[in-house]
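Notes for the one structure printed next.
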Amino acid sequence: MESGAGVVIVGGGPSGLLLAHLLLSNPRAEFLPVRIFESRGDPSIPIPTYKTRQYSVGLSARGGNAISHVDGLWEAVQEKGILTSQFVVHTGSQSIALKRNPDKPSLLISQRALASTLISELRNHYPKDQLEIHFEKHCVWADFDAHTVTFGRRNEEPVQYNLLVGADGVRSTVRQEFIKQQGFNYQQINMPYTFKVLHVSRPPVLTPNAVHTFRRSKNEVEGQQSWFNFLNLLGRAKGSSIRYGCFPAPGDEMSVLIEWTPSSTPDDLLKITSPTELKEFIEKYMPPLKVSLEAAEAFIKQRPTSSMKVKCSRFHDANGKAVLVGDAAHAMSNALGQGCNSSLQEREISDAIEKYSQKQVKEDHAAAYLSEHAFPQAQWILPFFLLGNISSSI
């Protein structure tokens with residue numbers, strides 16, 4: 001192995017950062033230093049919440065257990081999030097609690113806050129000769145034969161590695177080199193979900209430590225009730241409808257995820273270009289939300305995010321001394337909130353990359369299948385599926 005080449009982690013998201021913690025907490029000479037290259041800016045630099053497009057991810061016991069392998073790290077992460085065990089569906093004037101399990105709460109935390117905490121803890125515990133973190137470094141090329149990776153422009157000096165970790169997301173550059181390797185099968189599917197994120201103060205009528213989901217329609221707001229609400233739950237109500245989820249955040253705030261499919265695009269909302277008009281629209285048709293003009297302007301400027309599913313036949317290349325983690329390996333539907341939790345499970349890389357790949361591929365493919373089939377495909381079954389969840393939580 002190349003002396004001093006160490007580990008190069010492409011991507012500074014939660015999975016890559018947690019892996020850096022695990023490698024450094026049990027250091028081996030060939031894996032030092034650990035160098036992290038992130039294409040975006042430093043998440044530790046504060047920016048107003050309403051300018052971000054990140055909503056809270058839910059860390060279940062799987063994610064919490066993975067983080068807990070580093071002493072004191074889970075406690076530091078918990079301080080930046082909200083513990084919740086309740087999920088509330090709002091339809092018409094009715095509010096239905098689907099889950100109450102106080103013994104096994106999930107931690108809601110924004111990806112930016114999670115990444116910022118992981119970075120701060122790395123900086124606090126490891127010297128510069130063991131750890132390097134570089135921001136605004138875009139990966140353009142990986143060479144498995146030479147064991148190098150290039151950032152910036154292709155004519156720049158490549159970086160040598162003993163182990164390359166592709167943690168660079170759903171549109172991974174490192175994965176492009178995997179695709180060239182014999183026996184690597186890869187599938188990418190554009191999911192029929194698009195979303196934008198709005199940040200608001202928590203309305204007093206919404207329970208502080210619960211996730212709230214709504215489906216509203218102009219018809220409903222204008223007075224059509226009862227039987228309409230049932231049709232709305234099935235997705236068969238006529239007229240423009242908006243589906244949104246409200247996730248609690250520190251400081252008595254909420255991140256609001258507004259999601260749609262090609263057949264349910266909220267055109268009346270998305271065509272608005274005036275912050276004042278958007279504020280009026282949301283407060284009329286998306287109760288009980290109240291929106292600041294700054295948040296409304298940021299929402300208008302925000303680019304919609306599309307969902308994508310990624311499936312790889314393996315997560316390692318032994319000759320290239322490279323592995324894939326996180327969304328680069330297994331992006332999936334957010335229906336069960338398992339994407340981030342699956343990413344944080346990938347802690348066995350430092351022991352044997354082939355063993356890691358064989359084990360993790362099976363687990364992550366199973367999690368992706370469950371996420372994709374979390375809800376009935378036939379819309380008419382959905383109310384009965386939800387009623388079953390309600391009765392089981394009583």
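These numbers were taken from a predicted model, which means no experiment stands behind them.
Proximity of P43 to I119: side-chain heavy atoms (C-beta onward) are separated by under 4.5 Å at one or more points. Contact annotation: the side chain of P248 approaches that of V211 to within less than 4.5 Å [non-hydrogen atoms, C-beta and beyond]. With contacts defined as side-chain heavy-atom distances shorter than 4.5 Å, the pair P288/L206 qualifies. The closest side-chain heavy-atom distance from E297 to I300 is not below 4.5 Å. For the pair V159 and Y161, the minimum side-chain heavy-atom distance is 4.5 Å or more. Considering only heavy atoms from C-beta on, N319 stays 4.5 Å or farther from Q181 through its side chain. Here the side chains of Y50 and V291 are not in contact, with every heavy-atom distance at 4.5 Å or above.
Side-chain atoms of T173 come within 3.5 Å of backbone atoms of C139 as a donor-acceptor pair (strictly under, hydrogens ignored). Remark: the backbone N or O of L293 is not paired with any side-chain donor or acceptor of K279 at under 3.5 angstrom. Listed for the S313 side chain is a donor-acceptor partner under 3.5 Å among the backbone atoms of N185. When atom types are taken as modelled, the side chain of R35 and the backbone of H134 share no donor-acceptor pair closer than 3.5 angstrom. Checking side-chain atoms of H21 against main-chain N and O of L118 turns up a donor-acceptor pair under 3.5 Å. Between the H199 side chain and the T52 main chain, a donor and an acceptor come within less than 3.5 Å of each other. Proximity of a side-chain donor or acceptor of E259 to a complementary backbone N or O of Y193 within less than 3.5 Å is not detected. The backbone N or O of V7 lies less than 3.5 Å from no partner atom in the side chain of E30, so there is not a single donor-acceptor pair. The closest donor-acceptor contact from the side chain of T265 to the backbone of T261 lies under 3.5 Å. Side-chain atoms of K196 come within 3.5 Å of backbone atoms of F299 as a donor-acceptor pair (strictly under, hydrogens ignored).
Taking the centre of each ring, F315 and F178 stay at or above the 6.0 Å mark.
Under a hydrophobic clustering in which Ile, Leu, Val, Met, Phe, Trp and Tyr are joined whenever their side-chain heavy atoms come within less than 4.5 Å, directly or via other members, I47 and L198 fall into different clusters. Taking hydrophobic clusters as Ile, Leu, Val, Met, Phe, Trp and Tyr residues chained together by side-chain heavy-atom distances below 4.5 Å, L24 shares a cluster with L22. A single hydrophobic cluster is seen to contain both V174 and M308, as judged by linkage of ILVMFWY side chains at heavy-atom distances under 4.5 Å, directly or through other members.
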Output, in order, the C-alpha distance, side-chain angles, deciding distance and verdict of side chain to side chain contact (heavy atoms under 4.5 Å, CB included) for L289 and C246. CA-CA 9 Å; L289 303 183; C246 301; 3.9 Å; yes
Would V310 and D327 satisfy side chain to side chain contact (heavy atoms under 4.5 Å, CB included), going step by step from the backbone distance to the final call? CA-CA 7 Å; V310 168; D327 282 352; over 6 Å; no
Give the C-alpha distance, both sets of side-chain angles, the deciding distance and a yes or no for side chain to side chain contact (heavy atoms under 4.5 Å, CB included) between M286 and F214. CA-CA 8 Å; M286 297 174 62; F214 297 82; over 6 Å; no
Test side chain to side chain contact (heavy atoms under 4.5 Å, CB included) on I282 and L269; report intermediate values, then the result. CA-CA 8 Å; I282 289 174; L269 172 69; 4.1 Å; yes
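Between S116 atom OG and L17 atom CG the span is 10.0 Å, to the nearest 0.5 Å. The distance from the CG atom of L324 to the CG atom of L164 is 8.5 Å, given to the nearest 0.5 Å. Taking NZ of K290 as the start and CD of E283 as the end, the distance is 4.5 Å to the nearest 0.5 Å. Atoms CG and CD1, on L73 and I67 in that order, are 6.0 Å from each other to the nearest 0.5 Å. Taking NE2 of H147 as the reference point, atom CG of L163 lies at 10.0 Å (rounded to 0.5 Å). Separation of atoms CD (E38) and CD1 (I9) is listed at 11.5 Å; rounding is to 0.5 Å.
Residues C312 and A329 come closest through the heavy atom pair SG-O, 3.6 Å. In terms of heavy-atom proximity, S60 sits nearest to S106 at CA-OG, 4.1 Å. Heavy-atom minimum distance, T207 versus M254: O-CE, 4.3 Å. The shortest heavy-atom contact between A249 and I82 is C-CG1, 3.8 Å. What you find for L131 and I133 is that their closest heavy atoms are CD1-CG1, 3.9 Å. Scanning all heavy atoms of the two residues, the minimum distance from T84 to A210 falls at OG1-CA, 3.6 Å.
The neighbour count for K301 NZ, taken as heavy atoms of other residues, nucleotides or ligands under 6.0 Å away, does not exceed 12.
For K284 and E280, the salt-bridge test fails: no basic side-chain N is under 4.0 Å from an acidic carboxylate O.
Pairs passing the side chain to side chain donor-acceptor pair (under 3.5 Å) check and including a residue from residues 118-129, sequence neighbours excluded, read D42-R123.
Ring-plane geometry between F281 and Y285 is classed as tilted, the angle between the planes lying from 30 to 60 degrees on a 0 to 90 degree scale.
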